[in-house]
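Step one of this worksheet: look at the structure below.
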Amino acid sequence: MKRTKIVNLLQSKTPIDHVLIKGWVRTRRDSKSFSFIEVNDGSCLKNIQIISDNTLENYKNITSLSTGSAVSVSGKLAESQGSGQKWELIAETVEILSVAPETYPLQKKRHTDEFLRTIAHLRPRTNKYGATFRIRSELSYAIHKFFRDKGFKYIHSPVITGSDCEGAGEMFRVTTLALDNLPFKDGKTDFAEDFFGKEVNLTVSGQLSAEMFALALGDVYTFGPTFRAEDSHTSRHVAEFWMVEPEMAFCDLKGNMNLAEEMIKFLTGFVLEECKEDIELFAKYVDKKLIKTLDNVATSDFKRLPYTSAVEILKKSGKKFEYDIEFGKDLQTEHERYLTEQHFKKPLIVYDYPTTIKPFYMRLNDDHQTVAAMDVLVPRIGEIIGGSQREERLEVLENRMDEMDLPKENYWWYLDSRRFGSVEHSGFGLGFERLLMLITGISNIRDVIPFPRTPSSIEF
RNA sequence: UCCCCAGUAGCUCAGUUGGCAGAGCAGAUGGCUGUUAACCAUCUUGUCCGCGGUUCGAGUCCGUGCUGGGGAGCCA
């Protein structure tokens, strides 16, 4: 007989004479003549309650089933006589697939997130992490659905890159050279002998690839792993994370902001609708205000504010900040949080940032003081999206590169896109894990990614 | 990289002025019960993070290292 997933079984409208389920024991409660076994198979948050009567031939073994053990149970789905659940499974056979000894680290109680990080290989077996990674899966699907419904094409941007013009942070070196015996030439490592014949890194952004494809396919997006070798020790940074990067031809900054807002609203609404049960767990145990926050994100219009106005508001706020704010200085975390959490109390898009604090590829505004950049800031997380309209004018782009002392010859293919049929285009990067933090209320990014990579931590 | 906090039983944590190492949970055993992280009784469990120092005596004080966490910067 084919096994039925518990998620489907619990949705049954009628009793079923004969079903088979397989899963892991969460807890067992013995009664006089039978034993209650709670079994979870990961298909949903809820367990199925198994009634195993003491007339079963292996009943003695059944009563020694410990948390974490694996079982295969066949029997009859019947309405429960107890009050905690609609259905229960009256067992005809309980096959013990594997017994977890008492050294099994997960107990029938709450563990701290810090402890569960040390057993990241087992934590998806808990309610909270099971729910987290089911939501992560649904959210990934929702991203593809959102873009596909809008006619965007999915681009697989490379993970290994020889491009040194991504410029979004410190990079991880990729090499096949023997590190204990490096070839030298003129006192420097001779990368001509390396696999690709030049210095190569893991990607920090798929943007430049996405731009090339937007200028061919129109609307595109990337969704893949991204690597930053920053020595960051915060609850919002990991060395390997997933980023969503749409890029649109014939689109200006306003269209870019529209897409960002529409996307966050869609994704939030999607999860609220499709992952109700799992979201309720977070609303109950992780963040009591979660539903209110998510409704606010999904329904209220995002405030749009030019950088200069943001600076004015901060100056007039009368609030004492650790860092002073004035035109030309980047907004600090404390400034961003004040604006989104206290002043506007909703998501906020700050745009038109000073030229001096933004990268070369952002489009120069007519005031020559600012570029067409935009950041989406949300309560609790801060920056969740960073994007811009790209500089499509070859001459302006080259001037900016000169100002910033960037070697143009290395960017020949990027500049080609501005030589041949250049058009206005825009895009942004969304931190997938940060969105998950927003949606689940989980406060540490290490807890929304299966096996987090942070400085000096890569056990799994 | 900088600032702050923590590290004691399998887990969560208490440990007073420097004076015999503790509780709850988990586990084991027995009991009770259509139970809901069941309940009741009994029992087991220690490199007090490592190294060095002060002291008659250090879980406790000092130095140092490691690990974890929070914040800053950088960013997504």
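What you see is a predicted model; the values in this text were computed from it and never measured. Lettering follows sequence order; numbering is per chain, from 1. Side chains are part of it too, since the values below use all heavy atoms of this structure and drop only hydrogens, waters and symmetry mates.
- Checked against side-chain contact (heavy atoms from CB on, under 4.5 Å), S80(A) has the following partners two or more places apart in sequence or in another chain: Q49(A), Q85(A), E88(A).
- Under 4.0 angstrom from either OP1 or OP2 of A26(B) there lies no side-chain N or O belonging to R110(A).
- The stretch residues 61-78 of chain A does not touch RNA chain B, since none of its heavy atoms comes less than 4.0 Å from the strand.
- Listed candidates were A76(B), G10(B), U33(B). Nearest to the side chain of Q107(A) is G10(B).
- Residues Y154(A) and Y221(A) place their aromatic rings such that the two centres sit under 6.0 Å apart.
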Pull out every protein N or O sitting under 3.5 Å from an N or O of nucleotides 38-41 of chain B, one pair per line with the distance.
{"unit_1": "A38(B)", "atom_1": "OP1", "unit_2": "T27(A)", "atom_2": "OG1", "d": "3.2"}
{"unit_1": "A38(B)", "atom_1": "OP1", "unit_2": "K108(A)", "atom_2": "NZ", "d": "3.2"}
{"unit_1": "A38(B)", "atom_1": "OP2", "unit_2": "T27(A)", "atom_2": "OG1", "d": "3.1"}
{"unit_1": "A38(B)", "atom_1": "OP2", "unit_2": "R29(A)", "atom_2": "NH1", "d": "2.8"}

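- For G70(B), one of the phosphate oxygens OP1 or OP2 lies less than 4.0 angstrom from a side-chain nitrogen or oxygen of N444(A).
- With sequence neighbours left out, the salt bridge (charged side-chain N to carboxylate O under 4.0 Å, His left out) criterion links E262(A) to K150(A).
- Legend: residues meeting salt bridge (charged side-chain N to carboxylate O under 4.0 Å, His left out) with R26(A), ordered by chain and number and at least two apart, are absent.
- Ring centers of F321(A) and Y338(A): under 6.0 Å apart, within the cut-off.
- Among the nucleotides G73(B), G69(B), U35(B), the one closest to the side chain of E114(A) is G69(B).
- Applying a 4.0 Å cut-off to non-hydrogen atoms, none of the residues of residues 275-285 of chain A approaches RNA chain B.
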